[in-house]
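Remember, predicted model here, so these are calculated numbers, not experimental data.
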Amino acid sequence: MTKPHIYWIHGYGTSSAVWQEMIPDLPEFTHSFVSYQSCHTVEDFRNTVRKDIQNLLESATPADLHIIGWSMGGMLGIEALAHDDLNCSIRRLGSLTLIASSLQFVTTNRDQGWPRRIVERMRKKMIEEPEATVSAFQASLHTDEERAQLRDEYVISHDFNEAGLVAGLQYLLDTNLHEAWMKLIQQQMNIYWIHGMLDEVCPVDAAPTHSLADRIAYIPDAGHMPFHHQRHLFLTILRRRLGYGTNVTSG
């Protein structure tokens, strides 16, 4: 029997390495990961994710395909699935799980996103000092308490080239997915949302709770990386949502 498949889409300024510690706890799935190494423009990001999903839908039973997108990766997943090339297949898709994501990263309401001026300033700094700016952004992925508990050797790698780091911020500045989101809702997709209650990158109010009802799970005391800092609880929620049990290794 063919295993169900998870396609993992990581967020801005990171790489697929963020998922690696969880993969051994999900042996009932096969796994594939996005790569942003060749993405230089906003359209490159969109096309990469859309083509990956299109290829997976052509090679696997749609009901066995589960897409998991974190932060900007979740936004790219929403946009890809709402695209006309894929929209006809999404009703049959296994599920879309969005982790600490957003429909519009830049907003005037700080409870729902970031002010435009801050992201524009970050974009300027990314052109001038890319690695230092990435490091500063990565620090915001954790709460103060989470940072204090990190092992000294813990480092977040990223797979963005310099042009891609700038283009990724442009994507976050410009993208509004409210229309795309409604297309997915109208198609009655299996959508789940997992969000850390203390997330300062994508605040908890970024989730469109009016559309999700009982399809959203909140992780207390977690920042933007609930899958790392509260891995056991995250995996329990994830496997229950995907319908594959709750027997996970303690985190």
Side-chain angles (χ1 to χ4, degrees), residues 4-23 25-26 29 31-34 36 45 49 52-53 65-81 93-105 112-114 137-138 140-143 146 156 158-159 168 171-172 175 177 180-181 184 189-209 211-212 214-244 246 248 251:
H5 188 98
I6 294 178
Y7 173 59
W8 301 85
I9 318 172
H10 57 274
Y12 181 78
T14 66
S15 74
S16 60
V18 297
W19 309 119
Q20 293 306 315
E21 63 184 7
M22 291 188 297
I23 302 309
D25 289 326
L26 295 165
F29 297 92
H31 304 270
S32 61
F33 309 89
V34 74
Y36 299 137
F45 286 101
V49 172
D52 279 357
I53 295 174
L65 176 60
H66 302 276
I67 296 168
I68 298 180
W70 167 50
S71 194
M72 188 180 91
M75 296 176 71
L76 287 163
I78 292 170
E79 194 167 16
L81 291 169
L93 189 74
S95 68
L96 169 66
T97 299
L98 302 162
I99 307 164
S101 196
S102 176
L103 301 184
Q104 188 171 3
F105 188 77
Q112 296 178 344
W114 283 28
F137 171 74
Q138 289 180 349
S140 69
L141 304 180
H142 319 284
T143 66
E146 288 170 347
I156 301 176
H158 73 80
D159 64 351
Y171 178 85
L172 294 175
T175 302
L177 298 176
W181 175 256
L184 302 190
M189 266 197 73
N190 289 326
I191 302 175
Y192 309 107
W193 202 292
I194 303 174
H195 217 111
M197 290 293 290
L198 302 182
D199 190 340
E200 293 187 358
V201 177
C202 288
V204 68
D205 286 347
T209 52
S211 302
L212 291 166
D214 61 347
R215 292 175 175 263
I216 185 166
Y218 298 105
I219 298 185
D221 303 319
H224 196 56
M225 298 181 71
F227 50 87
H228 177 77
H229 293 286
Q230 298 202 38
R231 181 167 58 91
H232 177 72
L233 177 56
F234 174 84
L235 284 167
T236 299
I237 293 169
L238 179 64
R239 293 181 68 175
R240 184 182 301 127
R241 295 295 177 120
L242 301 186
Y244 293 91
T246 59
V248 300

Could you list the residues that satisfy side-chain hydrogen bond (donor to acceptor under 3.5 Å, both in side chains) with Tyr12, not counting sequence neighbours? none
Gln138 side chain to Ile156 main-chain N or O, any donor-acceptor pair under 3.5 Å? yes
Is the distance between the ring centroids of His5 and His66 under 6.0 Å? no
Please assess His224 against Ser140 for the test side-chain hydrogen bond (donor to acceptor under 3.5 Å, both in side chains), listing each intermediate value before the final yes or no. CA-CA 8 Å; His224 196 56; Ser140 69; over 6 Å; no
Backbone N/O of Pro220 and side chain of Gln230: donor-acceptor pair under 3.5 Å: yes
Is the distance between the ring centroids of Tyr36 and His10 less than 6.0 Å? yes
Do the side chains of Ile237 and Tyr192 get nearer than 4.5 Å, heavy atoms only? no
Atom pair OG (Ser32) and CD1 (Ile9), whose distance is rounded to the nearest 0.5 Å: 9.5 Å
4.5 Å side-chain heavy-atom contact, Ile78 and Leu184: yes
Measure the shortest side-chain to side-chain distance between Trp8 and Met22 over non-hydrogen atoms and say whether it is less than 4.5 angstrom. yes
Donor-acceptor pair, side chain of Asp159 and main chain of Ser15, under 3.5 angstrom: no
Anything under 30° is parallel, anything over 60° is perpendicular, the rest tilted; go ahead and classify His229 against His142. perpendicular
Hey, is Asp25 close enough to Arg239 for a salt bridge, meaning N to O under 4.0 Å? no
Can the ring centroids of Trp19 and Phe33 be said to lie less than 6.0 angstrom from one another? no
Is any side-chain heavy atom of Tyr7 less than 4.5 Å from a side-chain heavy atom of Ile68? no
Under the salt bridge (Lys or Arg N to Asp or Glu O under 4.0 Å) rule, collect the residues that match up with Glu146, sequence neighbours excluded. none
Taking the side chain as every heavy atom from C-beta outward, state whether Met197 and Ile219 have any atom pair closer than 4.5 Å. no
Distance (rounded to the nearest 0.5 Å) between Arg231 CZ and Leu238 CG: 12.5 Å
Would you say the ring centroid of Trp70 lies under 6.0 angstrom from that of Trp193? no
